[in-house]
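Step one of this worksheet: look at the structure below.
Counting begins at 1 with the first residue of the sequence.
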Amino acid sequence: MKRDLQHIFSKAKKNDRLAQKSLFEMFSGKMLSVANSYINNRDDAEDVLMNAFYKAFMKIEDCKNYESFPFWLRKIVVNDAISFIRKNKHILYAETEFTDAIAEQTEDVDEIYQDIDLEVIFKEMPIGYKLVFNLTVFEEKKHQEIAEILNITEGTSKSQLSKAKKWLTDYFNQQNIKQNAESEI
């Protein structure tokens, strides 16, 4: 795989359309999942994906080497997804003070719920929560970076993450109540 990627990447850098197609086929599934984790509409996520690949192929010379290509491409997909959301949706962030007490009360959802389908859950999660959650958990961004990316305060970023974790906890509690009720029938 590594050898294939190296060969395909070097050909794609020379504008070889078949190599670019191969890169698309190698990474489109995973990158679609990334885009879809930010955007609740599969058609829109596919549009973001196509635009991201177009940008990637237009600027592929900016990518240093084949090993960094998947990470470089992911960054383009994430940035394009965020840009799409900014252009097409009104995002409300609750401007509330984040406190350590709230953070300590919120359970670490990542450790408790490992076998979950985030794609399904993210369709229901409020967009502001989802953006900050994704950037923190999946992109490993710090609150200062998130604040700059989303044009919000660090406090709002922290608050949205806390609320996203609480929302997830409440969501799973509701799912458990439903499952228990169904199993009693």
Counterpart residues, side chain to side chain contact (heavy atoms under 4.5 Å, CB included), relative to Glu124 (two or more places apart):
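Checked Glu124 against side chain to side chain contact (heavy atoms under 4.5 Å, CB included); matches are Trp167, Tyr171.
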In chain order, what residues pass the side chain to side chain contact (heavy atoms under 4.5 Å, CB included) check against Asn79, with sequence neighbours excluded?
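With sequence neighbours excluded, Asn79 shows a side chain to side chain contact (heavy atoms under 4.5 Å, CB included) to Lys75, given in chain and number order.
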Applying side chain to side chain donor-acceptor pair (under 3.5 Å), can you list everything that pairs with [X], at least two apart in sequence or on another chain?
| X | answer |
| --- | --- |
| Asn51 | none |
| Asp170 | Lys166 |
| Glu139 | Arg74 |
| Asn65 | Ser68 |

Roughly how far apart are [X] [atom1] and [Y] [atom2], rounded to 0.5 Å?
| X | Y | atom1 | atom2 | value |
| --- | --- | --- | --- | --- |
| Phe69 | Tyr66 | CZ | OH | 14.0 Å |
| Gln175 | Leu168 | CD | CG | 11.5 Å |
| Phe122 | Tyr129 | CZ | OH | 14.0 Å |
| Ile39 | Phe84 | CD1 | CZ | 5.0 Å |
| Gln20 | Ile8 | CD | CD1 | 12.0 Å |
| Leu131 | Leu161 | CG | CG | 12.5 Å |

Close side-chain approach of Val78 and Asn134, heavy atoms under 4.5 Å:
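Not touching, per the 4.5 Å side-chain cut-off.
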Which residues pass the salt bridge (charged side-chain N to carboxylate O under 4.0 Å, His left out) test with Glu46, sequence neighbours left out?
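For Glu46 the salt bridge (charged side-chain N to carboxylate O under 4.0 Å, His left out) partners, ignoring immediate neighbours, are Arg42.
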Sequence neighbours left out, cut at 3.5 Å: what donor-acceptor pairs do the side chains of residues 22-33 make with other protein atoms?
from  : atom 1 : to    : atom 2 : distance (Å)
Ser22 : OG     : Leu18 : O      : 3.1
Ser28 : OG     : Phe24 : O      : 3.0
Ser33 : OG     : Gly29 : O      : 3.4

Can you list, pair by pair, the side-chain donor-acceptor contacts under 3.5 Å of residues 141-148, counting residues two or more places apart and other chains?
from   : atom 1 : to     : atom 2 : distance (Å)
His143 : ND1    : Ser157 : OG     : 2.7
Glu145 : OE1    : Lys142 : N      : 2.9

With side chain to side chain contact (heavy atoms under 4.5 Å, CB included) as the test, would you mind laying out the steps for Val132 and Thr156 before giving the verdict?
CA-CA 9 Å; Val132 173; Thr156 299; over 6 Å; no
To check you understand the geometry: which heavy-atom pair defines the closest contact between Ala35 and Val48, and what is its length?
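Smallest heavy-atom distance, with atoms named: CB-CG1, 4.2 Å.
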Grab the two heavy atoms, one from Tyr38 and one from Ile85, that are nearest each other, plus how far apart they are.
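For Tyr38 versus Ile85, the nearest heavy atoms are O-CD1, 3.2 Å.
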Distance-only donor-acceptor pairs under 3.5 Å for side chains of residues 52-62, two or more places apart:
from  : atom 1 : to    : atom 2 : distance (Å)
Lys55 : NZ     : Asp80 : OD1    : 2.7

